[in-house]
A.B. asks: 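First the structure, then my questions, so here it is.
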Amino acid sequence: MIGRSIAAGILALGITAAPVAAQNYPTRPITMIVPYAAGGPSDIIARLVAQSMGQTLGQTVVIENVGGAGGTTGAARAARAAPDGYTILFHHLALAAGATLYRNLTYDTINDFAPIGLINQGGFVVVSKNALETRTIAELLAHVKKVGRDITFGNAGVGSGSHMCNMMLQSALGVKFTEIPYRGTGPALNDLVGGQLDALCDQTTSSIPQIQGNRVRAYAVTSTERVAQLPDLPTLREAGIPGFEVTVWNALYAPKGTPPAIVDRLYQAMEVALKDETILKRFSDLGTALFPAGQRGPDATRARLVAEVEKWRRVIAESGFVPSN
Ligand code: MLT
């Protein structure tokens with residue numbers, strides 16, 4: 001009888017412990033994994049949001065850049081973290097594309113994460129080093145067709161947004177160029193400014209300051225509409241590639257099993273960040289936009305991830321790209 005009462009007491013303690021943990025959460029700093037190198041577009045947006053979330057939650061949200069393998073290294077780190085709210089993941093379309101491109105993922109893309117919320121969405125911009133002899137998107141596309149593998153395009157690894165853009169460009173042009181992988185498009189952009197890399201399909205959030213500073217040359221954007229901060233740049237659809245679109249969408253995730261009350265605290269802190277005028281101004285200046293209020297919580301994030309896994313499975317199949325691993 002004593003054994004049963006002790007067991008019942010432990011069970012009761014265990015059940016009551018969970019809500020207490022959520023009620024007191026957070027009691028120590030939180031790690032936000034960014035699956036790309038510091039200084040790139042993911043890092044830029046993540047740091048803006050993390051700083052605000054930390055103020056709201058009363059604990060520092062520390063960015064940990066875990067680059068490699070197109071973002072799957074960082075995603076794997078998050079998937080196996082303790083589901084206690086102290087490790088969250090910042091990721092984008094590459095989490096969805098990775099489900100098709102990596103045969104040996106150590107996580108289930110749809111089921112091993114607890115979605116928190118959708119942050120922002122925007123396009124990429126095709127940029128080159130200033131020394132490249134081309135001036136317009138028509139000239140660049142003609143040059144790529146002419147020289148093929150003699151031109152280098154950077155990417156952030158297989159499955160990254162920059163890689164998906166490159167894949168779609170090569171498929172549309174019917175030509176292969178040389179891709180140089182980086183741990184993020186931050187380092188790639190540095191090499192573009194330095195002239196060591198020829199071209200890059202980079203998120204506007206990272207490239208707009210370099211374009212405005214005339215340190216790289218811009219040609220076209222990958223969104224379906226022109227970008228207000230780059231009004232003279234045509235879309236790639238206007239440049240003659242029908243249906244071309246690469247839209248990045250950034251979201252936050254926790255490991256599967258994170259208590260819903262903790263996921264909600266994180267989501268509410270994200271919402272505070274997305275109402276911060278300083279952050280909204282920065283997003284606008286960098287050519288990126290929020291998702292509509294009321295359509296960016298955990299359920300909307302899961303729905304977007306599921307839809308994007310199917311979308312990229314189709315786009316990758318249509319492009320003829322065959323993953324090497
Ligand atoms: C990408 O190419 O997926 C991202 O722009 C990489 C990054 O954020 O560094």
Side-chain angles (χ1 to χ4, degrees), residues 32-50 63-78 89-102 109 119-128 152-170 177 179-193 197 199-211 216 218 221-223 227 236 245-253 282-283 286-288 304-305 308-309 311-312 315-316 321 323:
M32 181 185 289
I33 292 174
V34 173
Y36 300 104
S42 300
D43 189 62
I44 289 167
I45 299 297
R47 287 180 191 275
L48 284 170
V49 173
I63 297 291
E64 184 176 355
N65 298 93
V66 182
T72 57
T73 303
R77 173 85 67 84
L89 171 68
F90 176 102
H91 214 335
H92 60 35
L93 68 90
L95 181 61
T100 297
L101 292 167
Y102 290 83
T109 299
I119 297 174
N120 67 305
Q121 55 185 330
F124 289 70
V125 54
V126 179
V127 287
S128 81
T152 57
F153 274 70
N155 69 41
V158 171
S160 62
S162 43
H163 174 231
M164 293 294 91
C165 181
N166 293 347
M167 178 190 75
M168 291 170 66
L169 267 179
Q170 292 174 99
F177 44 67
E179 293 194 70
I180 311 293
Y182 292 79
R183 294 173 74 81
T185 52
L189 191 59
N190 291 339
D191 274 2
L192 202 72
V193 171
L197 181 70
L200 177 66
C201 189
D202 189 24
Q203 291 184 45
T204 61
T205 46
S206 185
S207 279
I208 279 181
Q210 301 297 347
I211 295 166
V216 297
V221 294
T222 67
S223 39
V227 174
L236 278 161
E245 177 194 6
V246 185
T247 298
V248 72
W249 51 280
N250 292 312
L252 291 177
Y253 304 86
R282 191 88 182 106
F283 277 20
L286 296 177
T288 191
R304 177 81 184 216
L305 179 58
E308 287 271 309
V309 166
K311 169 191 164 180
W312 287 106
V315 170
I316 292 162
F321 178 80

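Predicted, not measured: the structure shown is a model, and the values here were computed from it. Note that ligands are numbered from 1 as they come in the structure, with each ligand's atoms numbered from 1 the same way.
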A.B. asks: For the backbone of Ala69 and the side chain of Thr72, can you confirm whether one donor and one acceptor N or O come within less than 3.5 Å of each other?
C.D. replies: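 Looks like yes, one N/O pair under 3.5 Å.
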A.B. asks: How about Tyr36 and His92: are their ring centres within less than 6.0 Å of each other?
C.D. replies: yes
A.B. asks: Write down, by chain and number, every protein residue that brings a non-hydrogen atom to less than 4.0 Å from an atom of ligand 1.
C.D. replies: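 For ligand 1, the residues that come within the 4.0 Å heavy-atom cutoff are Tyr36, Pro41, Ser42, His92, Ala156, Ser160, Gly161, Ser162, Gly184, Thr185, Gln203.
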A.B. asks: Compare all side-chain heavy atoms of Leu93 with those of Trp249 and state whether any distance is below 4.5 angstrom.
C.D. replies: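 Touching, per the 4.5 Å side-chain cut-off.
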A.B. asks: Using a cut-off of 6.0 Å, state whether more than 12 heavy atoms not belonging to Arg282 lie near its atom CZ.
C.D. replies: no
A.B. asks: State which residues pass salt bridge (Lys or Arg N to Asp or Glu O under 4.0 Å) with Glu308; sequence neighbours excluded, sorted by chain then number.
C.D. replies: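 Only Arg304, Lys311 meet the salt bridge (Lys or Arg N to Asp or Glu O under 4.0 Å) criterion with Glu308.
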A.B. asks: Looking only at heavy atoms, which two atoms of Pro323 and Leu101 are closest? And how far apart?
C.D. replies: CB-O, 3.2 Å
